[in-house]
Amino acid sequence: MARYAMLIDLAACVGCAACAAACVLENEVPPGHGRLWIRQRELGAFPDVTVEYRPEQCLHCERPPCVPVCPTGASHQTEDGLVLVRAERCIACAACIAACPYDARFMNPAGYVDKCTFCEHRLARGEDPACVETCPTGCRVFGDLDDPESPLHAWLAEAERVDVLRPEMGTAPKLLYLNTPSKRGLANHESEVES
Ligand code: SF4
Ligand code: SF4
């Protein structure tokens, strides 16, 4: 059993969206939808301006509100902490879309709810998720929070800051952001501009 998590070092993210493109190719994400997207927000005022580039996707919450609302069990959490959808059981009621505070889910035109899987199929082959492998700045790392050998722990130990989106929701995200450009943490979730 593992407790899979992903870290993104925002000090190193340049917002190139290579991760988003890799995800589309890897997971055959239908046109007009995204399992992963980048938000961009300017912080501060001239001449002291910083830009936050923030990749967003399913956070594979430890306490995922998208799971208990599902009437069929399609939306579920694995023993390894992945939050997944069994397409064949999904009746497209969209209850999980409404329950996710992060807009991480979308309706696949094929008739089921779709979202980031942390590239479960690649993990099964011992590979990193496509977004992690593709990132040209190496700002993403994937691993097992319960494994002391996982590189996650060195990244966490060296980070100046560790933030999660909307901690007040109590979802215990397992997508963590390191080293936000602003010393005050992540840019406001509600008012940012999508790139
Ligand atoms: S980010 Fe949304 S879809 Fe992903 S586990 Fe959390 S609540 Fe569920
Ligand atoms: S849309 Fe599908 S996965 Fe989501 S709650 Fe309804 S049946 Fe479950």
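Order of listing sets the numbers, starting from 1, for every ligand and every atom in it.
- Around atom 6 (Fe) of ligand 1, the protein contributes the following N, O or S atoms under 2.8 Å, ordered by chain and number: Cys61 SG.
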Please tabulate, for side-chain N and O atoms in residues 5-18, each donor-acceptor pair with protein atoms closer than 3.5 Å (sequence neighbours left out).
unit_1: Asp9; atom_1: OD1; unit_2: Ala11; atom_2: N; d: 3.0
unit_1: Asp9; atom_1: OD1; unit_2: Asn179; atom_2: ND2; d: 3.2

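- Comparing Arg105, Gln57, Gln77 by heavy-atom distance to atom 3 (S) of ligand 1, the nearest is Arg105.
- Partners of Asp80 by salt bridge (charged side-chain N to carboxylate O under 4.0 Å, His left out), not counting sequence neighbours: none found.
- Looking at Arg39 and Glu56, a side-chain N of the basic residue comes within less than 4.0 Å of a carboxylate O on the acidic one, giving a salt bridge.
- In this structure, a donor-acceptor pair under 3.5 Å is present between the side chains of His121 and Glu26.
- Among residues two or more places apart in sequence or in another chain, the salt bridge (charged side-chain N to carboxylate O under 4.0 Å, His left out) test is passed with Glu120 by none.
- Remark: Arg3 engages Glu62 in a salt bridge, criterion side-chain N to carboxylate O under 4.0 Å.
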